[in-house]
Novice: 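One structure, pasted below without further comment.
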Amino acid sequence: MTVTGEALPRRTFRITRGDLVRYAAASGDHNPIHWSDSRAAAVGLPGVIAHGMLSMGLVATAVTDWAGEGAAVSEYSTRFSRPVLVPDTDEGVTLTVDGKVVELRPDGTLRVDLTVSCGGSKVLARTRALLVPGGAAHT
């Protein structure tokens, strides 16, 4: 049974330049700031950055994996506070997701607040999800 204050297990996701290329193909977002160091620098970025929606999607994956089969995210919001810089290495970069249940509502929905960081810096702010539980309990 879920309780207020319950922490979600920490999830980490590795993001590489290859992931950015695959995400660009799937999403149709081929902006060169997601693959070209020179183009990223030309617009004032310190390097190639991950797609914001890719970062958001990985966070949603952490939440839905924890919530279990049949659960649904009915609301999800965040603010981009810092870009996720992806170096041109095989290791890429690690996105870390931590969360906590902050509210259990009488209708059974619950609100989860999330902290998303990369390299020790918060990259998403005010990240929260409202979940409608499904038939299976989280693990």
Side-chain angles (χ1 to χ4, degrees):
M1 178 169 189
T2 303
V3 297
T4 301
E6 179 179 342
L8 279 64
R10 173 173 278 180
R11 286 289 305 269
T12 59
F13 299 93
R14 187 172 65 110
I15 303 172
T16 66
R17 295 271 179 107
D19 295 323
L20 300 183
V21 170
R22 286 184 288 280
Y23 186 82
S27 69
D29 181 352
H30 300 283
N31 189 323
I33 64 171
H34 302 302
W35 54 267
S36 168
D37 286 305
S38 63
R39 296 296 287 275
V43 297
L45 294 169
V48 166
I49 64 171
H51 301 76
M53 294 303 291
L54 172 59
S55 299
M56 286 182 69
L58 293 172
V59 174
T61 295
V63 172
T64 57
D65 285 353
W66 169 80
E69 188 175 330
V73 175
S74 63
E75 293 180 27
Y76 177 51
S77 63
T78 194
R79 292 182 184 224
F80 299 105
S81 56
R82 190 175 283 246
V84 174
L85 296 171
V86 182
D88 192 10
T89 63
D90 290 340
E91 295 80 28
V93 70
T94 300
L95 188 73
T96 303
V97 181
D98 293 294
K100 181 175 17 175
V101 176
V102 296
E103 182 182 7
L104 296 171
R105 297 182 177 175
D107 65 359
T109 60
L110 53 109
R111 193 181 105 202
V112 176
D113 283 0
L114 300 138
T115 302
V116 185
S117 59
C118 183
S121 296
K122 194 180 222 186
V123 293
L124 297 179
R126 296 189 203 167
T127 307
R128 57 184 51 157
L130 189 62
L131 296 163
V132 178
H138 65 272
T139 57

Novice: With hydrophobic residues grouped by side-chain heavy-atom distances under 4.5 Å, do V48 and M53 end up in a single group?
Specialist: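 In one cluster: yes.
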
Novice: Would you sort out whether L20 and I15 count as a side-chain contact (heavy atoms from CB on, under 4.5 Å), showing the intermediate values?
Specialist: CA-CA 8 Å; L20 300 183; I15 303 172; 3.9 Å; yes

Novice: Determine the sole option in D98, T127, T78, L124 for which the side chain to side chain contact (heavy atoms under 4.5 Å, CB included) test with L114 is passed.
Specialist: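 That would be T127; it is the only one of D98, T127, T78, L124 passing the side chain to side chain contact (heavy atoms under 4.5 Å, CB included) with L114.
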
Novice: State the CZ-CZ distance between R111 and R105, to the nearest 0.5 angstrom.
Specialist: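 Rounded to the nearest 0.5 Å, the CZ-CZ separation comes out at 7.5 Å.
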
Novice: Are V116 and M56 linked, directly or through other ILVMFWY residues, by side chains that come within less than 4.5 angstrom of each other?
Specialist: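 Yes, same cluster.
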
Novice: Within the distance-only criterion (no hydrogens, no angle test), does the side chain of R17 pair as donor or acceptor with the backbone N or O of V86 below 3.5 angstrom?
Specialist: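 Indeed, once roles are kept as given, a pair shorter than 3.5 Å links the two residues.
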
Novice: Give me the atom names and distance for the closest heavy-atom approach of A40 to G47.
Specialist: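 Heavy atoms only, the tightest pair is CB-O, 3.3 Å.
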
Novice: Would you find a donor on one side and an acceptor on the other, under 3.5 Å apart, between the side chain of S81 and the backbone of K122?
Specialist: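 Between the backbone of K122 and the side chain of S81 there is a qualifying donor-acceptor contact (under 3.5 Å).
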
Novice: Count I, L, V, M, F, W, Y as connected when their side-chain heavy atoms are under 4.5 Å apart, and connections chain through other members. Are V73 and L54 then in the same cluster?
Specialist: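 Yes, same cluster.
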
Novice: So, for R11 and A62, which heavy atoms are closest and what is the spacing to 0.1 Å?
Specialist: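 For R11 and A62, the tightest heavy-atom pair comes out as CG-CB, 3.8 Å.
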
Novice: Once rounded to the nearest 0.5 Å, what's the spacing between atom CZ of R14 and atom CG of L58?
Specialist: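 So the CZ of R14 and the CG of L58 are separated by 12.5 Å.
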
Novice: What heavy-atom pair brings P9 and W66 nearest, and what distance separates the two atoms?
Specialist: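 So the minimum-distance heavy-atom pair works out to CD-CD1, 3.4 Å.
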
Novice: T4 and V102: which non-hydrogen atoms are nearest, and at how many Å?
Specialist: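 Looks like CG2-O, 3.7 Å.
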
Novice: What closest approach, in Å, do D29 and A24 show between heavy atoms, and which atom pair accounts for it?
Specialist: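 For D29 and A24, the tightest heavy-atom pair comes out as O-CB, 3.2 Å.
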
Novice: Look at D113 together with K100 and state whether they make a salt bridge at an N to O cut-off of under 4.0 Å.
Specialist: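 Judged by the 4.0 Å cut-off on N to carboxylate O distance, D113 and K100 do not form a salt bridge.
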
Novice: Give, for atom CD1 of I49 and atom SG of C118, the distance between the pair rounded to the nearest 0.5 Å.
Specialist: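 I49 atom CD1 to C118 atom SG measures 12.0 Å (nearest 0.5 Å).
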
Novice: With a 4.5 Å cut-off on side-chain heavy-atom distances among I, L, V, M, F, W and Y, is there a chain of contacts connecting L104 to V112?
Specialist: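 Per the 4.5 Å side-chain linkage, L104 and V112 are co-clustered.
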
Novice: With distance as the sole test, does S36 use its side chain to make a donor-acceptor pair with the main-chain N or O of I33 at under 3.5 Å?
Specialist: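 Such a contact is absent between S36 side chain and I33 backbone.
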
Novice: Can you tell me how the ring of H51 sits relative to the ring of H34, calling it parallel under 30°, perpendicular over 60° and tilted otherwise?
Specialist: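 Answer is parallel, since the angle falls under 30°.
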
Novice: Can a donor-acceptor pair be found, under 3.5 Å and without considering hydrogens, that links the side chain of S117 to the backbone of G120?
Specialist: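 Checked: no pair found.
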
Novice: With a sphere of 6.0 Å drawn around CZ of R82, does it hold more than 12 non-hydrogen atoms of other residues, nucleotides or ligands?
Specialist: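 For R82, atom CZ is not crowded (no more than 12 foreign heavy atoms under 6.0 Å).
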
Novice: About how many Å separate CG of D19 and CZ of F13, when rounded to the nearest 0.5 Å?
Specialist: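 These two atoms lie 11.5 Å from each other.
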
Novice: Taking it one step at a time, do L85 and V93 satisfy side-chain contact (heavy atoms from CB on, under 4.5 Å)?
Specialist: CA-CA 7 Å; L85 296 171; V93 70; over 6 Å; no

Novice: Just verifying a value: how many Å separate L131 CG and T109 OG1, rounded to the nearest 0.5 Å?
Specialist: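 One gets 8.5 Å once the value is rounded to the nearest 0.5 Å.
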
Novice: Looking only at non-hydrogen atoms, find the nearest pair between H30 and W35 and report the distance.
Specialist: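 The pair with the smallest heavy-atom distance is O-NE1, 3.4 Å.
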
Novice: May I ask you to decide if V59's main-chain N or O and Y76's side chain share a donor-acceptor pair within less than 3.5 Å?
Specialist: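 Such a contact is absent between Y76 side chain and V59 backbone.
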
Novice: In terms of hydrophobic clusters joined by side-chain contacts under 4.5 Å, are V84 and F80 together?
Specialist: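 Linked within one cluster.
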
Novice: With a 4.5 Å limit on heavy-atom distance, are the side chains of V3 and V101 in contact?
Specialist: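 No, side chains not in contact.
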
Novice: Heavy-atom count around D90 CG within 6.0 Å, excluding the residue itself: above 12?
Specialist: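 Incorrect, the count does not exceed 12.
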
